[in-house]
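Quick note on labels: first sequence line is chain A, next is B, and so on, each numbered from 1. Fair warning: this is a prediction, and the values are worked out from it, not measured in the lab.
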Amino acid sequence: MKIEAPRGTHDVLPADQLLRQAVIGAGESTAARFGYSRITTPTFEETTLFERTSGEGSDVVNKEMYTFLDRGGRSLTLRPEGTASVARAYIERGMHRLPQPVKTFYLGPMFRYAAPQKGRYREFWQIGLEALGSDDPALDAELMLAFVDILTSLGISGVRLQLNSIGGRECRGDYLERLRAFLAEHEESLDEDARRKAARSPLRVFDTKNPALAEVLRDAPKIGDALCAACAAHFESVRAHLDAAGVAYELVPELVRGLDYYTRTVWEFIDDSLDAAQSTLCAGGRYDHLVEGIGGPAAPGVGWAAGIERLELSASALELPTGIDVFLLLAEDVDRPRALAELTSLRRAGLRCETDYASRSMKGQLTHANRLGAAWRVRVDGTGATIERRGLAEVSEVGVAIDRIAERVLAHVERTRG
RNA sequence: GUGGCCGUAGCUCAGCUGGUAGAGCCCCGGGUUGUGGUCCCGGUGGUCGCGGGUUCGAAUCCCGUCGGUCACCCCA
């Protein structure tokens with residue numbers, strides 16, 4: 001029986017790592033410049049953490065979590081998202097006593113048991129930025145700007161920003177009653193899915209692709225029209241910061257979130273060049289009651305998460321640096337240990353060096369050197385070494401003694417750098 | 001979880017209505033060449049996803065299962 005990677009998982013092969021490093025590097029660079037420090041939390045947590053924060057009516061909790069009992073009988077869950085862990089650590093490690101806001105980012109694998117598709121895996125990587133301990137609307141905007149910054153450095157264009165405010169506790173209560181009334185009134189027009197949502201989490205009724213239903217919902221009360229003065233002012237300020245930064249966005253009154261902890265600002269970055277079902281590159285929002293919801297102090301927060309694999313798909317046109325510095329070709333009659341000692345010297349000097357480990361013919365070694373994009377070739381036979389530079393017809397030096405190879409190569413590299 | 005399509009060498013695929021597997025690319029060697037590339041020749045490599053069934057005989061038909069992909073759902 002052939003052993004295969006579990007359903008929905010994938011290997012990131014050596015050839016894929018350059019792109020992955022580019023995406024991760026862009027995220028780390030942006031985080032550093034925007035003042036977000038990395039936090040690493042466990043890949044699994046007590047199950048109740050996610051049940052409380054995501055909401056017991058959410059799909060993530062109901063059918064997508066990898067939950068198991070450990071040998072001590074504890075119910076643990078492989079994290080389906082990163083925000084809950086950050087909030088938990090914020091409380092447990094006393095970060096609410098640090099100067100606020102605390103700005104962190106995380107990077108690592110997440111786990112959701114859902115039907116796998118392209119750009120959608122059961123184990124997938126996310127990068128996320130979170131700012132806890134401040135309700136400043138400038139932070140909401142800053143977080144969106146940070147993601148724009150990542151897109152820019154990865155050469156990704158044509159991404160749309162959708163924006164909405166779903167209000168806070170104060171304004172949402174009244175609104176939800178009106179929405180429920182509307183939904184009850186139009187119950188015969190709702191599909192099965194919408195009825196289920198109406199009972200549990202009415203706001204999410206708007207998250208539909210059913211055109212008939214969308215038509216009905218056009219007349220439904222919108223949360224954006226029901227914001228209290230404070231929430232409206234907050235949203236106004238978020239938009240002012242985005243406008244001043246020159247970031248375009250679409251106001252989408254139907255935009256809601258699948259997790260219960262969100263309040264006020266919510267947004268998504270969408271890349272239409274990806275397949276429709278997986279076009280969301282990044283989703284975020286404010287969660288002003290999440291921390292106190294799991295037993296912490298009253299601490300508002302805001303943040304986003306982006307899928308690394310989807311960013312890789314969007315950034316696949318990115319030109320990546322390739323090539324090594326030196327390839328050492330050896331004829332059969334050379335003293336291999338002595339020649340390889342020279343290679344080690346070059347590596348210690350900081351050059352990326354390779355040689356043949358497959359007993360290739362001289363022609364085969366040349367092919368391999370070319371394949372690796374070697375800038376310099378050092379060919380060694382019984383009479384000494386020849387140093388050649390890629391793309392040049394004439395050799396750079398002939399008759400180099402074996403134990404002077406490193407010295408001479410470094411001299412040539414140094415000379416051509418100027 | 002539901003439905004459609006798909007699953008043959010590392011990769012992309014061909015193999016019509018059943019008779020014990022092929023091509024191109026890649027990889028390795030040789031020749032040619034301004035010792036790379038190009039071009040020519042040769043070679044390595046597959047129990048046809050897995051299991052069962054029908055049959056004298058199945059990659060080819062049937063069932064199941066696993067996996068991929070797309071849509072729904074949900075989301076990153």
Within the 6.0 Å centroid threshold, strictly below: A/Phe147 and A/Trp304 =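 That pair passes the under 6.0 Å test.
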Checking all strands, does [X] fall into the base, sugar-phosphate, or nothing category for heavy-atom contacts under 4.0 angstrom?
X        : result
A/Leu281 : sugar-phosphate
A/Ala114 : nothing
A/Ala115 : base
A/Gly82  : nothing
A/Gly119 : base
A/Glu64  : sugar-phosphate

Presence of [X] side-chain N/O under 4.0 Å of [N] phosphate oxygens OP1/OP2:
X        : N     : answer
A/Arg371 : B/C27 : yes
A/Gln117 : B/G68 : no
A/Arg390 : B/G36 : no
A/Thr367 : B/G37 : yes

Proximity to the side chain of [X] - top-ranked nucleotide from [options]:
X        : options             : value
A/Arg112 : B/G30, B/A76, B/G68 : B/A76
A/Thr280 : B/C75, B/G29, B/G36 : B/C75
A/Glu4   : B/G67, B/C28, B/C74 : B/G67
A/Lys118 : B/C75, B/U69, B/G36 : B/U69
A/Arg360 : B/C28, B/C73, B/U35 : B/C28
A/Arg7   : B/U69, B/A76, B/G67 : B/G67

If we take the [atom1] atom in both [N] and [M], what is their distance in whole Å?
N     : M     : atom1 : answer
B/A59 : B/G51 : P     : 12 Å
B/G22 : B/G42 : P     : 16 Å
B/A58 : B/U20 : C1'   : 9 Å
B/G29 : B/U44 : C1'   : 10 Å
B/C5  : B/G64 : P     : 14 Å
B/C61 : B/U8  : P     : 14 Å
B/G46 : B/A23 : C1'   : 14 Å
B/G4  : B/U12 : P     : 25 Å

So how far is it from A/Arg389 CZ to A/Thr416 OG1, rounded to the nearest 0.5 Å?
->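 Separation between the atoms: 4.5 Å.
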Distance (rounded to the nearest 0.5 Å) between A/His368 NE2 and A/Glu354 CD =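 It comes to 6.0 Å.
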Whole-Å distance between B/A76 C1' and A/Leu274 CG?
->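 Whole-Å distance recorded here is 11 Å.
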A/Phe111 and A/Tyr66 aromatic ring geometry - parallel, tilted or perpendicular at 30°/60° bounds |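 If you compare the ring of A/Tyr66 with that of A/Phe111, the planes turn out perpendicular.
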Under 30°, 30 to 60°, or over 60°: which ring-plane class applies to A/Tyr287 and A/Tyr262, parallel, tilted or perpendicular?
->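 Rings of A/Tyr287 and A/Tyr262: perpendicular, over 60°.
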Answer with yes or no whether A/Arg310 presents, from its side chain, a donor or acceptor under 3.5 Å of a partner atom in the base of B/C75.
->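 For A/Arg310, whose side chain was compared with the base of B/C75, there is a donor-acceptor pair (under 3.5 Å).
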What are the atom names and distances for every N/O pair under 3.5 Å that joins the protein to nucleotides 31-33 of chain B?
| from | atom 1 | to | atom 2 | distance (Å) |
| --- | --- | --- | --- | --- |
| B/G31 | O6 | A/Lys363 | NZ | 2.8 |
| B/U32 | O4 | A/Lys363 | NZ | 3.1 |

Toward the 5' end of RNA chain B, by each residue's nearest nucleotide, A/Ser361 or A/Tyr113 |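 Nearest-nucleotide comparison on RNA chain B picks A/Tyr113.
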